Amino acid sequence: MQIKKIGILSAGGDCPGINAVIHAVVKKAILDHNLEVIGFLDGFQGMVEKRWRKLEYNDVSGIMPLGGTILGTSNKANPFRYPVWENKELHFEDRSEQVIETYQETGIDALICIGGDGTFHIAQRFFEKGLNVIGVPKTIDNDLNGTDLTFGFDSAVSVATEAIDRIHTTAQSHHRAMVIEVMGRYAGWIALESGIAGGGDVILIPEIPFDMEGVCRFLQKRIAAGKRFSIVVVAEGARPKGGDYVIQKKVVESHDQIRLGGISYLVGQEIEARTGIETRVVILGHLQRGGSPTAFDRILATRFGAEAVKLAVQGKFGYFPALIGQEIQPMPIKEAIASLKTVPLDHPLLDVARSMGTYLGD
Ligand SMILES: Nc1ncnc2c1ncn2[C@@H]1O[C@H](COP(=O)(O)OP(=O)(O)O)[C@@H](O)[C@H]1O
Ligand SMILES: O=P(O)(O)OC[C@H]1O[C@](O)(COP(=O)(O)O)[C@@H](O)[C@@H]1O
Ligand SMILES: [Mg+2]
């Protein structure tokens, strides 16, 4: 089958590099294959509501360094369980047929879905319903299976590392403990990598429930050794042993309703109460998802975008381009959603951190 027209959408949480993917998809589609490209607005919401725009070559000029997504996104619009508010009451409806209608009406031959695990769940269901779906893996959390990396992660780690560097100097001046909370709901990749890069003294990740007493003992030992400040990097999904996640709010329309945030306050309060060390807390939050992608992410996003077009032209539907080692390889979307890619307890970076004298809370 020779394809003539493709659609593209970005769904789930935004991250630096989505525009670099759109840039690559549109350029390659037009230059190499003379395809027509349309972009659906706000993820699957745009397909349900029939909102899209044509993407011409000039529309993507200069968007590579821009954060966010020029198409908009939504992390609530699951067409199979679409949130509908009526008289302040929420109920869910199956709007998947509207997506299929939009797909047919627009005359696209393939749909490129940029997203993470949630988006890929939806994409896989549409693939099983007969749509020609191609995925492009994104998430700052780097928790998507089947690919060594997702774009957005390197940018988030860079932002977090710079923040830790800045916090280091004020921690040092005031002889304080500083607790820095980074994103990572169920996977501690951002905390682990930015913690190592920023020289964190303690790194707490969701995969290793932490011992609060151990953290306090460690900080006191540092003081006894003449180190008058400490940096504690904590993932938002980290939990004390026997304890639970700290939930900031619930987003009722979401598949995973909980939004985490605030574990750093608990850790900071406990440090101060148990050791008397003056402590301050910083939550980086959505800062880590905004702004310009790093050069690494721009290149990875460009490679993914170009490969996604290639997969569409080859008719390799139900697949996404994955980074395996240095190579981009086609991977079934199914593979990516089989499980979440958390930090394995035997991961070499954990050993590296320990060898630097970092305490991991266990
Ligand atoms: N396991 C799942 N099965 C089906 N839909 C899901 C699942 N997880 C999330 N979703 C839906 O996918 C969409 C995007 O999910 P989200 O996790 O926010 O983004 P991402 O694609 O970045 O992982 C949301 O509409 C959400 O309701
Ligand atoms: O933007 P929201 O709805 O507050 O979501 C916050 C969550 O999204 C993330 O930034 C990224 O998650 P996704 O990759 O699933 O989009 C998480 O680290 C964080 O817990
Ligand atoms: Mg997700």
Side-chain angles (χ1 to χ4, degrees), residues 9-18 21 42-48 67-69 72-84 90 92-96 99 112-128 133 135-147 149-153 155-157 159-160 181-191 193-194 205-206 234-238 245-263 283-291 320 333-334 336-342:
L9 60 80
S10 49
D14 71 338
C15 78
I18 296 179
V21 175
D42 304 333
F44 286 103
Q45 197 178 339
M47 290 200 81
V48 169
T69 159
T73 187
S74 163
N75 60 4
K76 298 172 195 153
N78 177 356
F80 294 94
R81 200 168 175 271
Y82 201 71
V84 180
L90 174 69
F92 294 93
E93 291 174 8
D94 184 351
R95 296 284 183 90
S96 57
V99 170
I112 295 178
C113 300
I114 309 169
D117 60 328
T119 304
F120 276 22
H121 265 102
I122 297 168
Q124 176 65 19
R125 286 187 75 177
F126 280 118
F127 171 63
E128 285 164 10
V133 169
V136 175
K138 73 91 225 173
T139 167
I140 63 162
D141 287 356
N142 195 34
D143 58 0
L144 204 56
N145 224 355
T147 180
L149 281 176
T150 48
F151 67 87
F153 173 65
S155 302
V157 170
V159 170
E181 181 174 317
V182 298
M183 278 185 165
R185 231 182 299 201
Y186 307 114
W189 296 108
I190 297 177
E193 294 215 357
S194 65
I205 60 174
V234 55
E236 61 180 358
Y245 297 116
V246 175
I247 296 171
Q248 198 193 42
K249 65 188 290 187
K250 285 200 174 180
V251 179
V252 287
E253 302 103 317
S254 268
H255 175 84
D256 187 355
Q257 296 188 349
I258 60 167
R259 293 296 182 275
L260 302 176
I263 181 66
I283 300 182
L284 297 186
H286 290 80
L287 258 182
Q288 297 158 94
R289 268 194 8 210
F320 72 99
I333 292 175
K334 232 179 170 169
I337 54 178
S339 62
L340 216 57
K341 190 182 70 188
T342 53

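As the structure is a prediction and not an experimental result, all values here were calculated from the model. Atoms within each ligand, like the ligands themselves, are counted from 1 in listed order. We count residues from 1, following the sequence as given.
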*Please check if any side-chain donor atom of Y186 sits under 3.5 Å from a side-chain acceptor atom of D256, or the reverse.*
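Their side chains do contain a donor-acceptor pair, which is all the 3.5 Å distance test asks for.
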*Any N or O on M183 sitting closer than 3.5 Å to an N or O of ligand 2?*
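No - when backbone and side-chain N and O of M183 are compared with those of ligand 2, no distance drops under 3.5 Å.
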_R185 and D143 ion-paired at < 4.0 Å_ =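 D143 and R185: not salt-bridged.
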*Among the heavy atoms of E253, does any lie under 4.0 Å from an atom of ligand 1?*
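E253 does not count as a contact of ligand 1 under the 4.0 Å cut-off.
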*Is the closest heavy atom of D256 to ligand 1 under 4.0 Å?*
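Contact absent.
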[X] neighbourhood, listing ligand 2 atoms whose heavy-atom distance to it stays under 4.0 Å:
X	value
I140	10 (O)
G13	16 (O)
E236	17 (C), 18 (O), 19 (C), 20 (O)
K138	13 (P), 14 (O), 16 (O)

To which protein heavy atom is [atom] closest, and what is the distance rounded to 0.1 Å?
atom	answer
atom 12 (O) of ligand 2	R185 NH2, 3.5 Å
atom 5 (N) of ligand 1	N78 ND2, 3.4 Å
atom 23 (O) of ligand 1	D117 OD1, 2.4 Å
atom 4 (C) of ligand 1	H121 CB, 3.6 Å
atom 9 (C) of ligand 1	G118 CA, 3.2 Å
atom 21 (O) of ligand 1	T119 OG1, 2.5 Å
atom 14 (O) of ligand 2	T139 OG1, 2.7 Å
atom 18 (O) of ligand 2	D141 OD1, 2.7 Å

*ligand 1 and G12, any nitrogen or oxygen pair closer than 3.5 angstrom?*
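Checking ligand 1 against G12, no N or O pair falls under 3.5 Å apart.
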*Specify side chain, backbone, both or neither for N75, according to which of its non-hydrogen atoms lie closer than 4.0 Å to ligand 2.*
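Under 4.0 Å from ligand 2, N75 contributes side-chain atoms alone.
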Decide whether the shortest distance between a heavy atom of [X] and an atom of ligand 2 is less than 4.0 Å.
X	answer
Q288	no
G116	no
G184	yes

Spacing of [X] atom [atom1] and [Y] atom [atom2] [to the nearest 0.5 Å]:
X	Y	atom1	atom2	answer
F153	T139	CZ	OG1	9.5 Å
Q45	M47	CD	CE	13.0 Å
K334	N145	NZ	CG	14.5 Å
I114	T150	CD1	OG1	13.0 Å
Q288	I190	CD	CD1	5.5 Å
Q248	I263	CD	CD1	13.0 Å

Which atoms form the tightest heavy-atom contact between [X] and [Y], and what is the distance?
X	Y	result
I140	M183	CD1-SD, 3.6 Å
V252	F92	O-CZ, 3.7 Å
N142	K341	O-CE, 3.0 Å
T73	S10	OG1-O, 3.2 Å
T119	C113	CG2-CB, 4.2 Å
E181	G261	OE2-CA, 3.2 Å

*Can we call the ring centroids of F120 and F127 under 6.0 Å apart?*
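No, they do not, as the ring centres are separated by 6.0 Å or more.
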*the Mg ion (ligand 3) contact by D256, N, O or S atom under 2.8 Å*: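 It does not: D256 brings no N, O or S atom closer than 2.8 Å to the Mg ion (ligand 3).
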*Taking E236 for the side chain and G184 for the main chain, is one N or O donor matched with an acceptor at less than 3.5 Å?*
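Yes, E236 side chain to G184 backbone: donor-acceptor pair under 3.5 Å.
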Under a 4.0 Å heavy-atom limit, does [X] contact ligand 1 with its side chain, its backbone, both, or neither?
X	answer
A77	backbone
H255	both
K138	side chain
I122	side chain

Distance filter under 4.0 Å to [X] heavy atoms, resulting ligand 1 atoms:
X	result
G13	19 (O), 22 (O)
N75	18 (O), 24 (C), 25 (O)
K76	25 (O)

*What N/O/S atom of D117 is the closest to the Mg ion (ligand 3)?*
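Looking only at N, O and S atoms of D117, the one nearest the Mg ion (ligand 3) is named OD1.
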_Parallel, tilted or perpendicular: ring planes of F126 versus F44, cut at 30 and 60 degrees_ =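 Judged by the thresholds at 30° and 60°, the geometry between F126 and F44 is parallel.
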*Identify which of R289, H286, R259, Q248 has a heavy atom lying nearest to atom 10 (O) of ligand 2.*
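Heavy atom nearest to atom 10 (O) of ligand 2 belongs to R289.
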